[in-house]
Protein chains: 2
Amino acid sequence: MSTKRTVPRKVTISQIAKEAGVSKTAVSFAFNDPSQLSPATVNHIRAIAERLGYSPDPIARSMTTRRTNALGVLLPLDIAATMANPFFPLFLRGVGAVCGATGMTLMLVPPLWGSMLKAIPHATVDGFIVVGLEIDRGEVQQLRRRRVPFVMVDGNAPEDIPAINVDDRQGARAAMMHILSLGHRRIGIVSLESWHHRYEDFTSTIAARLAGYREGLAEYGRTIDDPDIQMVTVSTSRAGGVEAFTRLWRSESPPTAIVAMSDITALGVLEAAKAHGVRVPDQLSIVGFDDLPEAANAAPPLTTVHQPIEEKGRLAAEMLVAALDDEESEPVHHLLPTELLVRGSTGVPVWSAQPVST
Amino acid sequence: MSTKRTVPRKVTISQIAKEAGVSKTAVSFAFNDPSQLSPATVNHIRAIAERLGYSPDPIARSMTTRRTNALGVLLPLDIAATMANPFFPLFLRGVGAVCGATGMTLMLVPPLWGSMLKAIPHATVDGFIVVGLEIDRGEVQQLRRRRVPFVMVDGNAPEDIPAINVDDRQGARAAMMHILSLGHRRIGIVSLESWHHRYEDFTSTIAARLAGYREGLAEYGRTIDDPDIQMVTVSTSRAGGVEAFTRLWRSESPPTAIVAMSDITALGVLEAAKAHGVRVPDQLSIVGFDDLPEAANAAPPLTTVHQPIEEKGRLAAEMLVAALDDEESEPVHHLLPTELLVRGSTGVPVWSAQPVST
DNA sequence: CTGAAAGCGCTTACAG
DNA sequence: CTGAAAGCGCTTACAG
């Protein structure tokens, strides 16, 4: 509305300087450090910038300041798959809280053409939060090369890299022991697909939870190879849970309890069970992992293992911001606690009136 | 592992050029256009880059290419509040699908120090998807200044800006008429807080849904000012829904039906109703808006208005990418349909055995 | 097949 | 209080 004719292609600091009859330095100061200039000059420059419709180029600015003011979240899966699990939005709430407090922006960095390795050098960010990195195929080296700080969440981090994990093993152990203490013998385990589709290469998270299940079984003199124990592996989604139920339920002797490595799959199991007319927990007990908000609101409320998801995001972002401000900050490894939350989806199996005591 | 001593602070193209005895041009070509160089030179340069642990600077690259390969999603609320509604992750799945297909990254751009206006010039992105922009307080002008393409979703866009909206009015109208056709007379409406907390300035979305409710009421000779119609305004979250139920239920003549402007609040209402021992739909009918995945899985399944959330994200991203590639692309305004989905949370009110016919 | 040079749009000592 | 100049690390015509 204040422009006379169509504004030129792109207004730069030089044009303003020329128009205002001052140096580029002055123009820069007018916006970034007005105290360096006389009020009259500042007003003059700003008026011209306004008239020309000037908008500073953030890239050029970053070029000299060496800052983008963006935090990167490096993802092992594409954005659509990542967002399919409510875990992630919750995690981002934690990260986002720190972004808001520090005036930073949040960049989601999925694999580029299927490769995390390729994505790392391209992202214009000041640092990375690396989530769920499984077996390292050079990603850590690539991140070091980039010479930006990074923190690893739910992964197997080298000693010198800040990291956050939760006590997956302990939580999984408690979940399995809970089921066994109720007297269940025929148990289905719902494991999760590793994103690179190689069964042997478990995520540290998956490996830890599996180890916890094994420990819990061992406490009751059982092993995971017991014929009464069946394990299926599905994608970390509601659909994966539905599939898990279907596969477990059609066996000749279906489980009386299903132990799932994540709430989203447990919820899928619950949904499928109800659709099949299976009563939970009377005919089937279900226990999850994560404690998503929807777990407590399910019908019946889902017994699960709580982990501080949002807190992980916040902590990761705080550690990253600290590393950004202070190159020399000590890399610390956090191990956050998990807690079994017994709700309505687990109970004594129908065929056994009395729970087995520990 | 291939470096001899600690690598220097930051490896640049110049250092490699010097070390390799070639020009910077050659180094650039070795990575971006190897066909310009003899294979021997390429290998030589790459080997040195490898030894030095070179990682190209994405900012410097963007500086000359004028591309960041990042799509920005401009948010009216901070990231934590945005992620509190499952609507958003779903929307991002759509956007993310396009990012994956085009090799772009996704940047979440919340208000900077409380101001969208301030956030716009700083984000290092090639274009914006602007979601839920309410009354324009200069944001559109600021976006134009930036001279990057942008598309508006769920907002009131100028003619020359590409835009996507859904038929909120029609959907809301259908929802209200459904309730009235069942015979309900005492109705609670759950409206949503506008993010700038000025009741008069409705989001176009909120305004359109409200208009739809009014139209539906009018079809039955009713108005929103009818003493039997109560409206409460809460935040777009599950907690907001709980609050809405509490406020509506404590009135001397509580509603027999609650019509909510979003599923997340409707689910909160449902949760609170169940917690109070109120049977749905026998004692209280509930209808939502959005058709989140959890709506169908609620107990009872939520009657709601479907809108194509993921599709909106995909379409918005596609339009933005098109505008990025072709400056001259025609700005089109999409209006996507909505559809009432009658499920288990609505029914005939207890005090009336026969529904009123239309 | 290779190199010298200009340029992208800013910021920031440094000098006056 | 103000300006000339260097520099951030790349890419890209252009010339040879």
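Reminder, nothing fancy here: chain letters follow the sequence lines and each chain counts from 1.
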(request) Test side chain to side chain contact (heavy atoms under 4.5 Å, CB included) on B:Val73 and B:Met107 and set out the steps. (result) CA-CA 6 Å; B:Val73 178; B:Met107 184 143 149; over 6 Å; no

(message) Show me the pairs that pass salt bridge (charged side-chain N to carboxylate O under 4.0 Å, His left out) and involve residues 19-31 of chain A, at least two apart or across chains.
(response) A:Glu19-A:Arg51

(request) Output yes when a side-chain donor or acceptor of B:Gln142 lies under 3.5 Å from a complementary backbone atom of A:Ser55, and no otherwise. (result) no

(message) Set out, in order, the CA-CA distance, both residues' side-chain angles and the distance that settles side chain to side chain contact (heavy atoms under 4.5 Å, CB included) for A:Val95 and B:Ile79, then state yes or no.
(response) CA-CA 8 Å; A:Val95 177; B:Ile79 293 171; over 6 Å; no

(request) May I ask you to decide whether A:Arg93 forms a salt bridge with A:Glu311, counting only side-chain N to carboxylate O separations under 4.0 Å? (result) no

(request) Heavy atoms of chain A, cut-off under 4.0 Å: which first and last nucleotide of DNA chain C, 5' to 3', fall inside that, if you could look? (result) C:dG9 to C:dA13

(message) Looking at every heavy atom in both A:Pro111 and A:Leu75, which two are closest together, and how far apart are they?
(response) CD-O, 3.3 Å

(request) Please lay out, stage by stage, how A:Met152 and A:Val140 fare under the test side chain to side chain contact (heavy atoms under 4.5 Å, CB included). (result) CA-CA 10 Å; A:Met152 296 180 67; A:Val140 169; 4.2 Å; yes

(message) Under the criterion side chain to side chain contact (heavy atoms under 4.5 Å, CB included), I'd like the reasoning laid out for B:Leu74 against B:Val131: C-alpha separation, chi angles, the key distance, then a yes or no.
(response) CA-CA 6 Å; B:Leu74 188 63; B:Val131 8; over 6 Å; no

(message) By the side chain to side chain donor-acceptor pair (under 3.5 Å) test, which pairs, at least two apart or in different chains, include something from residues 60-75 of chain B?
(response) A:Asp57-B:Arg66, B:Asn32-B:Arg61, B:Arg67-B:Asp325, B:Thr68-B:Asp126

(message) If I compare all heavy atoms of A:Ala30 with all of A:Ile45, which pair ends up nearest, and what's the gap?
(response) CB-CG2, 3.6 Å

(message) Expected output check: what is the dot-bracket annotation of DNA chain C, where ( ) and [ ] are pairs inside the strand (brackets for crossing ones), | is paired with another strand, and pairs are Watson-Crick or G-U under 3.5 Å?
(response) |||.||||||||.|||

(message) I need the residues from residues 19-27 of chain A with at least one non-hydrogen atom less than 4.0 Å from DNA chain D; give them sorted by number, or say none.
(response) A:Gly21, A:Val22, A:Ser23, A:Thr25, A:Ala26

(request) Check A:His333 against A:Glu159 and note the closest heavy-atom contact, atom names and distance. (result) NE2-O, 3.6 Å

(message) If we check side-chain contact (heavy atoms from CB on, under 4.5 Å) with B:Ile129, which of these qualifies: B:Ile164, B:Leu106, B:Val153?
(response) B:Val153

(message) Please list, in numerical order, the residues of residues 29-41 of chain A that have a heavy atom closer than 4.0 Å to any atom of DNA chain D.
(response) A:Ser35, A:Gln36, A:Leu37, A:Ser38, A:Thr41

